[in-house]
Amino acid sequence: MNNLYHSSIRCTYGDFYDPYAYVGVMSNRHVVNTNSNERDLIVPALLTIPKGESVSIRLGNSNVGGEAESITFDYVVAADNPILILKYAAVMEEPGHAPSESPHLRIEIINNGGVSIYSQNITPTYAAGFNATGDGIMWKDWTSINKDMSSYVGKLVKVRFTNYDCEQGGHFGYSYIHLKCD
């Protein structure tokens, strides 16, 4: 997970309308974190790596402009480790737009045929478990999603995280991600 250039990892970047426009690593939008004591610059209460782990990836930054970026992991489901553990944290401005126009993180698991078998959009709201800093910024501490992938043992799936700024271009959002099998 700490080598963004590995053949099983694909990074893309673009804008709100096409986050997959360009393939490649943008050094300020795809960032590997390896210091387990490091804290987020805007929200110091948030560790950049979940407790007990040694690495995470930050997607996005605090720039505005309708940016979007993604990272996709190819993953062959192993019989001895069929539980996929997706962890994420987020720092996003809450602009008061419709959820579809707001900064958000999209998490997807896609089967080998290109069909989404799981997807979730995480937007900055209290109902989604976000905390407020008092200056229009909301943040979500590390959260785990556990997916039983046992029906896909031996098969290739793709795990994709896509991070979006707001559609109107005036508000930022960035996310930290981590995944493992158990």
Practice prompt. With rounding to the nearest 0.5 Å, note down the distance linking CG in N81 to OG in S150.
Written response: 12.0 Å
Worksheet entry | Axial cation check for Y174 ring with R29, 6.0 Å and 45° limits | no
Discussion item. With a sphere of 6.0 Å drawn around CZ of R106, does it hold more than 12 non-hydrogen atoms of other residues, nucleotides or ligands?
Written reply: yes
Practice prompt. For the residue pair L105 and M92, establish whether any side-chain heavy-atom pair is separated by less than 4.5 Å.
Written response: yes
Worksheet item: Between N163, L59, I107, which is the residue that forms a side chain to side chain contact (heavy atoms under 4.5 Å, CB included) with Y88?
Response: I107
Discussion item. Let me confirm one number: the CG-OG distance from L179 to S56, rounded to the nearest 0.5 Å.
Written reply: 11.0 Å
Worksheet item: Can any side-chain N or O of R58 pair as donor or acceptor with the backbone N or O of G60 at less than 3.5 Å?
Response: yes
Worksheet item: Do I57 and I109 belong together in a cluster built from hydrophobic side chains that touch within less than 4.5 Å?
Response: yes
Worksheet item: Does a salt bridge link E53 with K180, judged by any charged N lying under 4.0 Å from a carboxylate O?
Response: yes
Worksheet item: Is any side-chain heavy atom of N112 closer than 4.5 Å to a side-chain heavy atom of K155?
Response: no
Practice prompt. Say whether L4 and Y13 are linked into one hydrophobic cluster, either directly or through other cluster members, by side-chain heavy-atom distances under 4.5 angstrom.
Written response: no
Discussion item. Could you report the tightest heavy-atom contact between D165 and G65, atom names first, then the distance?
Written reply: OD2-N, 4.0 Å
Worksheet item: Can you name the nearest heavy-atom pair linking I122 to K140, along with the distance?
Response: CG2-CD, 4.4 Å
Discussion item. Let me check something: do F161 and Y118 share a hydrophobic cluster, defined by ILVMFWY side-chain heavy atoms less than 4.5 Å apart, either directly or through other members?
Written reply: yes
Worksheet item: Got T123 and P103 here, is their nearest side-chain heavy-atom distance under 4.5 Å?
Response: no
Worksheet entry | Under 3.5 Å side-chain donor-acceptor pair for H6 and S8 | yes
Worksheet item: Just how far is it from atom OG of S175 to atom CD of E69, taken to the nearest 0.5 Å?
Response: 8.5 Å
Worksheet entry | Validation row: T125, E94 side chains within 4.5 angstrom (heavy atoms) | no
Worksheet item: Any side-chain heavy atom of Y164 sitting closer than 4.5 Å to one from E67?
Response: no
Item to complete: Quick one: pull up OH in Y20 and OG1 in T72 and give me the separation to the nearest 0.5 Å.
Response: 7.0 Å
Item to complete: Indicate the atoms forming the closest heavy-atom contact of A68 with D15, along with that distance.
Response: CB-O, 3.4 Å
Discussion item. Can a donor-acceptor pair be found, under 3.5 Å and without considering hydrogens, that links the side chain of H178 to the backbone of V55?
Written reply: yes
Worksheet, complete the sentence: Taking every heavy atom of P124 against every heavy atom of M138, the minimum-distance pair comes out as O-SD, 3.5 Å
Worksheet entry | Y17 and E167: side chain donor to acceptor below 3.5 Å | yes
Fill in: Contact summary for W142 and T48, nearest pair of heavy atoms
CZ2-O, 3.3 Å
Worksheet item: Are any non-hydrogen side-chain atoms of F172 and N61 less than 4.5 angstrom apart?
Response: no
Discussion item. Can you confirm whether E108 sits close enough to K158 that some side-chain heavy atom of one is under 4.5 Å from a side-chain heavy atom of the other?
Written reply: no
Practice prompt. Go through the steps to decide whether V76 and V153 satisfy the test side-chain contact (heavy atoms from CB on, under 4.5 Å), and finish with yes or no.
Written response: CA-CA 7 Å; V76 176; V153 167; over 6 Å; no
Worksheet item: If Ile, Leu, Val, Met, Phe, Trp and Tyr residues are connected whenever their side-chain heavy atoms lie under 4.5 Å apart, and connections chain through other members, are I110 and Y152 in the same group?
Response: no
Worksheet item: When clusters are formed by joining ILVMFWY residues with side-chain heavy atoms under 4.5 Å apart, either directly or through shared neighbours, do F130 and L86 land in the same one?
Response: yes
Worksheet entry | Check: H171 side chain, G66 main-chain N or O, donor-acceptor pair, under 3.5 Å | no
Worksheet item: How far apart are the closest heavy atoms of S62 and I42, and which atoms are they?
Response: CB-CD1, 3.8 Å
Worksheet item: Is the backbone of V115 close enough, under 3.5 Å, to the side chain of N111 for a donor and an acceptor to pair up by distance?
Response: yes
Worksheet item: Which value, rounded to the nearest 0.5 Å, describes the distance between I71 atom CD1 and T162 atom OG1?
Response: 10.5 Å
Practice prompt. Start with the C-alpha distance between L156 and D74, add both sets of side-chain angles, then the distance that settles side-chain contact (heavy atoms from CB on, under 4.5 Å), and finish with yes or no.
Written response: CA-CA 7 Å; L156 175 73; D74 290 345; 3.7 Å; yes
Worksheet item: Distance from K87 atom NZ to K51 atom NZ, nearest 0.5 Å?
Response: 11.5 Å
Worksheet entry | Passing option when Y176 is tested against V31, D40, I49, L47 for side chain to side chain contact (heavy atoms under 4.5 Å, CB included) | D40
